[in-house]
Amino acid sequence: LSDAEPLRQRALATLTRLPPFSPILSRLMDSLAGEEVSFLVLGELIEKDTVIAANILRMVNSAIYARRGAVSSVRHALAVLGVERVRNTVLALSISRMLHSVKTPPGWSMERFNRHGAAAAILSDLLASRLRAEYPEGAFVAGLLHDMGRLLIAMALPDRHQMVAAHHRETGRSWFECEREILGFDHAGLSAAALEQWNLPQPIRDAVGDHHAARPAPPGEPVPLALVLQTADAYVNSLGHSILPAAPGPDRELGVFAPLPLEPDALSSLTARFHAEWSAVAHYYQ
Ligand SMILES: [Fe+2]
Ligand SMILES: [Fe+2]
């Protein structure tokens with residue numbers, strides 16, 4: 001596949017065709033590159049964005065946080081939820097909103113794509129915080145953006161994208177393998193290259209690049225972030241939150257968690273928590 005590299009470059013260059021980051025999104029992306037974002041700064045940014053503010057208030061007042069009185073200010077929501085969780089949620093809402101205005105490539109549902117990334121982000125973050133995982137602070141963003149390469153390929157190379165889809169249907173091989181066969185490269189590596197252009201930290205880029213080829217968890221060592229992503233990806237797909245419509249697996253396919261060192265009790269509390277957190281934000285991704 002001699003044209004693989006030019007095709008890959010064309011797909012990567014499509015990153016510049018995405019809409020500009022909103023002020024809050026560019027500030028939060030900078031914060032991922034290592035700049036701190038304080039409680040006060042985050043509060044001010046959210047207050048200037050009425051859509052984001054309304055959604056943060058809706059989230060904090062949802063059943064899962066079991067507040068007795070309603071929370072009506074952004075500062076109060078920040079105090080209840082914490083800077084980290086609010087920042088992650090705002091990132092997911094902002095990325096989703098930005099992508100929503102992109103002209104949809106043929107055969108593509110941006111709703112599905114946003115839902116897949118947001119659900120994978122929430123589950124990756126939960127897994128990373130409950131396991132001893134590598135770079136747990138990057139798990140949410142890695143989950144959110146792990147499939148950016150899929151979008152870039154669909155936008156830049158719509159005909160090839162259809163060929164990958166047809167090959168996938170006909171052979172039953174994984175989407176990842178079909179990309180390698182048809183394009184000569186795959187979306188995981190492309191996602192990692194996109195995150196490099198966005199200056200995201202190396203451990204996040206590495207995990208995203210390996211999310212279809214994760215190493216097993218070495219006994220007694222931290223769980224590779226790529227394995228966290230791969231597991232979260234498989235579980236949200238089994239729930240039907242996949243990029244392309246596919247029949248959901250038998251509801252809640254717990255077998256996908258087998259590669260992770262999780263006791264059955266820990267697993268059931270983790271999936272319950274995931275479903276509760278997801279239901280607090282899912283309305284945004286319908
Ligand atoms: Fe993927
Ligand atoms: Fe995925």
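Counting starts at 1 for both ligands and their atoms, following the listed order.
For the pairing with D3, the side-chain contact (heavy atoms from CB on, under 4.5 Å) check across R8, R10, R160 returns one residue only, R160.
In summary, no N, O or S atom of H146 is located under 2.8 Å from the Fe ion (ligand 1).
Considering the Fe ion (ligand 1) as centre, the angle to NE2 of H187 and to NE2 of H211 is 100° (10° rounding). With the Fe ion (ligand 2) as vertex, H116 NE2 and D233 OD1 subtend 80°, rounded to 10°.
Using a 3.5 Å distance cut-off with no hydrogens or angles, the side chains of D147 and H116 do pair a donor with an acceptor.
The cationic atom of R205 (NZ for Lys, CZ for Arg) does not lie both less than 6.0 Å from the six-membered ring centre of W198 and within 45° of the ring axis.
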Please step through side chain to side chain donor-acceptor pair (under 3.5 Å) for the pair H187 and E179, ending with a clear verdict.
CA-CA 8 Å; H187 73 276; E179 284 177 334; 2.7 Å; yes

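Counting just the N/O/S atoms of D147, the one with the shortest distance to the Fe ion (ligand 1) is named OD1.
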